[in-house]
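Report on the structure given below.
The basis for the numbers below is simple: all heavy atoms, side chains too, and nothing from hydrogens, waters or symmetry mates.
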Amino acid sequence: MQIAVITDPVTGSHAKIAVALGFNCFEFVAKLSESESINVIDAADGFEHGDKPVSHSGIPLLFPFPNRIRSGRFTWDGQEFDLPESLVGFNNGNAIHGFALDRPWRVVEQTEASVTGTFKLSDDAPERRSLWPADAQITLRYSLSNNNLRADITVHNPDDKPLPWGFGTHAYFKLPLAAESKPGHCTIYAPVRKRWELEGCLPTGKLLSPPEDGRLIEAPYFDTLKLDDVYTDIVPKDGIVECQIIDEHAGAQVVQRCDDSFREIVAFTPPWTSAVCLEPYTCTTDAINLQQRGIDAGLQVLAPGASWRGWIEIAVGPVLC
């Protein structure tokens, strides 16, 4: 199994990426000092060997659609598409998480502190090309600087017809942030004011206020939360969306930042591990169907030859008073 390892030469912080498993960053250890480090990302033991669920560990990359498509069916430009249940991304009768998270990517550049991978639908999953309205390519560069792990993302339309698309990440943030702490000492914050009403994990198209026990804008404690929700109405600051995990007992924090083209945050507390997922999405669940009902779901369409660029950063350090 090809594993790309990148290391910051100043701090010694490192990250590991499983190239053959969707370019999944399954380990990020931030070294705060000679004696203190934080293992930021939760992953199943032996995940890199390829015998664990690909969407349950690390940072799965969700493309050309994040989360679910209702029944795996949609119509685009007069053509009907029916995604088969044989896809690894199928959940309770719905297609889920795109075509790229279980396939090998290609490393196109690597240095000590960075690695760049690319996935093109027609080249890297050719049997899935007919399942989407156009060919699609995504390139992602992971780089480490001190205790910051940054992903620079480019989505490109290599086809001669328009490309509908969405992208998201599904990072599992490991809790607590120190061995002597507890998950219940951690607060979870996201700058979100609304959530999509969900039925069977699929948006109805209606926006609601978050419930009292799910107001992430108030930074609740982790042990009060049971989440699998799609939040929206994000409040960026200077064009940046910032989520935070603060471990008060450890005096440490993980901050996830992204540009404001990410307009949804999915928050999920997985029942199988002590972690929280804060997932930046460019569109909501089932956007390709909702958009055609006249609902602003964030679906983007790239013209032939056009590209989109975005970024996500995970920064680790002491809590700043």
Please, which pairs that meet salt bridge (charged side-chain N to carboxylate O under 4.0 Å, His left out) have at least one residue in residues 104-116, sequence neighbours excluded? R106-D124

Does any N or O in the side chain of N94 come within less than 3.5 Å of the main-chain N or O of S71, such that one atom is a donor and the other an acceptor? yes

W105 side-chain N/O to T139 backbone N/O, donor-acceptor pair under 3.5 Å: no

Who pairs with K52 by salt bridge (Lys or Arg N to Asp or Glu O under 4.0 Å), at least two apart in sequence or on another chain? none

For S57, what residues pass the side-chain hydrogen bond (donor to acceptor under 3.5 Å, both in side chains) criterion, not counting sequence neighbours? none

Do you know which two heavy atoms are closest between A252 and L177, and how far apart they sit? O-CD1, 3.6 Å

Residue pairs meeting side chain to side chain donor-acceptor pair (under 3.5 Å), one or both in residues 206-228, sequence neighbours left out, come to Y221-E248

Specify the closest pair of heavy atoms between R195 and D229, including all atoms of both residues, with the distance to one decimal. NH1-OD1, 4.2 Å

Are the side chain of D42 and the backbone of F173 linked by a donor-acceptor contact shorter than 3.5 Å? no

Pairs touching residues 176-187 that satisfy side chain to side chain donor-acceptor pair (under 3.5 Å), sequence neighbours left out: S181-H185, S181-D247

For R129, is there any backbone N or O sitting under 3.5 Å from a side-chain donor or acceptor partner on S122? no

Is it true that a side-chain atom of H97 and a backbone atom of N67 form a donor plus acceptor pair closer than 3.5 Å? yes

Between E127 and R103, does at least one N-O distance fall below 4.0 Å, as a salt bridge requires? yes

Any donor-acceptor pair under 3.5 Å from N157 side chain to D159 backbone: yes

Check this for me: D51, atom CG, are more than 12 non-hydrogen atoms of other residues, nucleotides or ligands nearer than 6.0 Å? yes

The side-chain hydrogen bond (donor to acceptor under 3.5 Å, both in side chains) partners of S274 (sequence neighbours excluded) come to none

Verify the cluster assignment for L149 and L32: are they in a single hydrophobic cluster under the rule of side-chain heavy atoms below 4.5 Å apart? yes

Tested for side-chain hydrogen bond (donor to acceptor under 3.5 Å, both in side chains) against Q137, the lone hit among D123, T154, T118 is T118

May I ask you to decide if K31's main-chain N or O and S13's side chain share a donor-acceptor pair within less than 3.5 Å? yes

Quick one: list whatever passes side-chain contact (heavy atoms from CB on, under 4.5 Å) with S35, sequence neighbours left out. S33

Among all residues two or more places apart in sequence or in another chain, which pass the salt bridge (Lys or Arg N to Asp or Glu O under 4.0 Å) test with D260? none

Tell me if a side-chain donor or acceptor on T285 pairs with a main-chain N or O of P203 at a distance below 3.5 Å. no

Would you call the rings of F26 and F47 parallel, tilted or perpendicular, where under 30° means parallel and over 60° means perpendicular? tilted

Please report, to 0.1 Å, the donor-acceptor pairs under 3.5 Å made by any side chain of residues 298-314, with sequence neighbours excluded.
residue, atom, partner, partner atom, Å
S307, OG, H156, ND1, 2.8
E313, OE1, R257, NH1, 3.4

Please collect all ring-ring contact (aromatic ring centres under 6.0 Å, His included) contacts where either partner lies in residues 267-287, sequence neighbours excluded, each pair once. H56-W272, F268-W272

Sorted by first residue and then second, give each side chain to side chain donor-acceptor pair (under 3.5 Å) pair with at least one member in residues 286-295; sequence neighbours left out. D286-N289

Check whether I153 and I17 end up in the same hydrophobic cluster, where Ile, Leu, Val, Met, Phe, Trp and Tyr are linked by side-chain heavy atoms less than 4.5 Å apart. yes

Can V192 be reached from I188 by stepping across I, L, V, M, F, W or Y side chains whose heavy atoms are under 4.5 Å apart? yes

Under the rule for side-chain hydrogen bond (donor to acceptor under 3.5 Å, both in side chains), what residues qualify as partners of R68, not counting sequence neighbours? N91

